[in-house]
Amino acid sequence: MNGQLDFQVRRDDLHTTRWHESALPQALAEQQVLLRVDAFAFTANNVTYAVAGDSMHYWQFFPAESGWGRIPVWGFGDVLESAHPEISAGERLYGYFPMSSHLVIAAGRVSARGLQDVSAHRAGLAAVYNQYARTAADPGYRADAEAAQMLYRPLFTTSFLLDDFLADNDFFGAERVMLTSASSKTSLGLAWLLHARRADRVRVVGLTSATNRDFVTGLGCYDEVVTYESIGDLPRRGSVIVDMAGNGAVLAAVHDHLGDALRYSCLVGATHWDARAGARDMAGPRPQLFFAPAHIERRRADWGPAGLEQRIAEAWDGFVAAAARWIHVEHGRGPADVERIYRRVLDGAASPAVGYVLSVHADAG
């Protein structure tokens, strides 16, 4: 591979894909940094980025030719060349990358702990996605847990913020928190946090498919596991629903069954991206979108950036130990593996017990 290789999808048809090759820059502009994208995770959360690419501006992070998109992923990159005086070749960064072999960023707001990409096309986008952590000074980084960091950490941050948001609102007076797509990584993080830190305040119920029921039950972080077909059997008591699935029919079933017993309805993701239609006028409260970057900014103001990072890192350490028992990591290397696993996750054929860590580079470690 002599140039840059990008995996791209049609924005109006996620099943249509291509590989696009371009030349690496001959010289970097002032403050630019050339990164080799070493490895990244691919999960249903990344499909959500693509589904919401236009409405949530995810396509803007890594521009492509009109009609095509580069799906954002979380992973690690190594500095190959740097035209910034405070950044050296060989440094390892964790953050938001495209499904590509390389990435050029404009480094700004550089500190001992990290930096931001201040490229013009990323101005005005959520700051949390523009930040890159320098692993040498990252309190949550462990070299032996890179796979877990790629698979879970961005989702665990959302889980942490949801746990904080619900507790800060006293669970809206509910005694039960129900999570759709209970096998998804964001749901697992939230369920673990609620079970470990809020067990005296709420009961945690996982809603999942019949196929995934045994896996979810065996995790040990749900007080009860209910299949989607059995929603009508749930007792009518004060509840919060956190919808990770984006399945309109499932959400409507919960609303219609619980009615006024549903105290709050929180929309987070769209793991069931192909069933997101089907929502209609429903009984109970109007669903509210949870936008994690907005809550991050609030807590940064309350606790300071370092205070927020420290709280997440402390919770993260406990979660990593639990997650290691749940998930088998499967590595994919080279374009063929990337495309094969992309289609598997897109089509909902991935096992919840497997986490995928990919690299466009066939010789990745």
>> With a 3.5 Å distance limit and no angle check, can you tell me whether Ser111 reaches the backbone of Gly114 through a side-chain donor-acceptor pair?
In response: yes
> Are Val345 and Tyr356 side-chain neighbours, meaning at least one heavy-atom pair lies under 4.5 Å?
Replying inline: yes
> Are the side chain of Arg333 and the backbone N or O of Val338 linked by a donor-acceptor pair below 3.5 Å?
Replying inline: no
> Considering residues, nucleotides and ligands other than Glu229, do more than 12 of their heavy atoms fall under 6.0 Å from its CD?
Replying inline: yes
>> With a 3.5 Å distance limit and no angle check, can you tell me whether Ser183 reaches the backbone of Asn212 through a side-chain donor-acceptor pair?
In response: no
> Mind checking whether Asp243 and Val268 have side chains closer than 4.5 Å, heavy atoms only?
Replying inline: no
> Are any non-hydrogen side-chain atoms of Phe160 and Leu193 less than 4.5 angstrom apart?
Replying inline: yes
> Where do Ser239 and Arg263 land on the side-chain hydrogen bond (donor to acceptor under 3.5 Å, both in side chains) test, with the steps shown first?
Replying inline: CA-CA 6 Å; Ser239 304; Arg263 306 288 191 246; over 6 Å; no
> Quick one: does Arg213's side chain get under 4.5 Å of Thr217's, heavy atoms only?
Replying inline: yes
>> Would you call the rings of Trp192 and Phe156 parallel, tilted or perpendicular, taking 30° and 60° as the class edges?
In response: tilted
> Hey, which of Arg300, Arg299, Arg113 is the one that makes salt bridge (charged side-chain N to carboxylate O under 4.0 Å, His left out) with Glu309?
Replying inline: Arg113
> Is the gap between the ring centers of Tyr132 and Tyr94 under 6.0 Å?
Replying inline: no
>> Could you tell me if the side chain of Gln32 sits less than 4.5 Å from the side chain of Glu30, heavy atoms only?
In response: no
>> Whether the His102 and Asp6 side chains hold a donor-acceptor pair (N or O, under 3.5 Å, no angle test) is what I'd like checked.
In response: no
>> Can you tell me which residue among Trp59, Phe42, Tyr96 is in a ring-ring contact (aromatic ring centres under 6.0 Å, His included) with Tyr49?
In response: Tyr96
> With distance as the sole criterion, is a donor-acceptor pair present between the side chains of His255 and Ser265 under 3.5 Å?
Replying inline: yes
> Do other residues, nucleotides or ligands put more than 12 heavy atoms under 6.0 Å from the CG atom of Asp302?
Replying inline: yes
> Under the 3.5 angstrom rule, does the side chain of Asp223 hit a backbone N or O of Val204 as a donor-acceptor pair?
Replying inline: yes
>> Under a 3.5 Å cutoff, is there a donor and acceptor pairing between the side chains of Asp117 and Ser119?
In response: yes
> Is there a donor-acceptor pair closer than 3.5 Å between any side-chain N or O of Arg18 and the backbone N or O of Phe7?
Replying inline: no
> Should the pair Phe165 and His295 be assigned to parallel (<30°), tilted (30 to 60°) or perpendicular (>60°) ring geometry?
Replying inline: perpendicular
>> For Arg311, I'd like to know if atom CZ has over 12 heavy atoms of other residues, nucleotides or ligands within 6.0 Å.
In response: yes
>> Check whether His121 reaches the backbone of Phe61 with its side chain - one donor and one acceptor, N or O, closer than 3.5 Å.
In response: yes
>> Listing request: all salt bridge (charged side-chain N to carboxylate O under 4.0 Å, His left out) pairs with a residue in residues 71-91, at least two apart in sequence or in separate chains.
In response: Asp78-Arg92, Glu91-Arg134
> With side chains defined as the heavy atoms from C-beta onward, is the minimum distance between Gln31 and Ile87 less than 4.5 Å?
Replying inline: no
>> Please determine whether salt bridge (Lys or Arg N to Asp or Glu O under 4.0 Å) holds for the pair Arg198 and Asp200, giving the CA-CA distance in whole Å, both sets of side-chain angles, and the decisive distance to 0.1 Å.
In response: CA-CA 5 Å; Arg198 323 288 184 185; Asp200 60 332; over 6 Å; no
> Asn46 side chain to Thr43 main-chain N or O, any donor-acceptor pair under 3.5 Å?
Replying inline: yes
> By side-chain hydrogen bond (donor to acceptor under 3.5 Å, both in side chains), which residues pair with Thr17, not counting sequence neighbours?
Replying inline: Glu339, Arg343
> Would you say Thr227's side chain and Ser209's backbone share a donor-acceptor pair under 3.5 angstrom?
Replying inline: no
>> Tell me whether Met56 shares a hydrophobic cluster with Ile296, the cluster being built from Ile, Leu, Val, Met, Phe, Trp, Tyr side chains joined at under 4.5 Å.
In response: yes
> Are Leu155 and Phe319 joined in one hydrophobic group, where the rule is that I, L, V, M, F, W and Y side chains link up if heavy atoms are under 4.5 Å apart?
Replying inline: no
> Can His257 and Arg236 be counted as having a side-chain donor-acceptor contact under 3.5 angstrom?
Replying inline: yes
> Is there any side chain to side chain donor-acceptor pair (under 3.5 Å) pair reaching into residues 148-159, and which pairs are they, with sequence neighbours excluded?
Replying inline: Asp138-Arg153
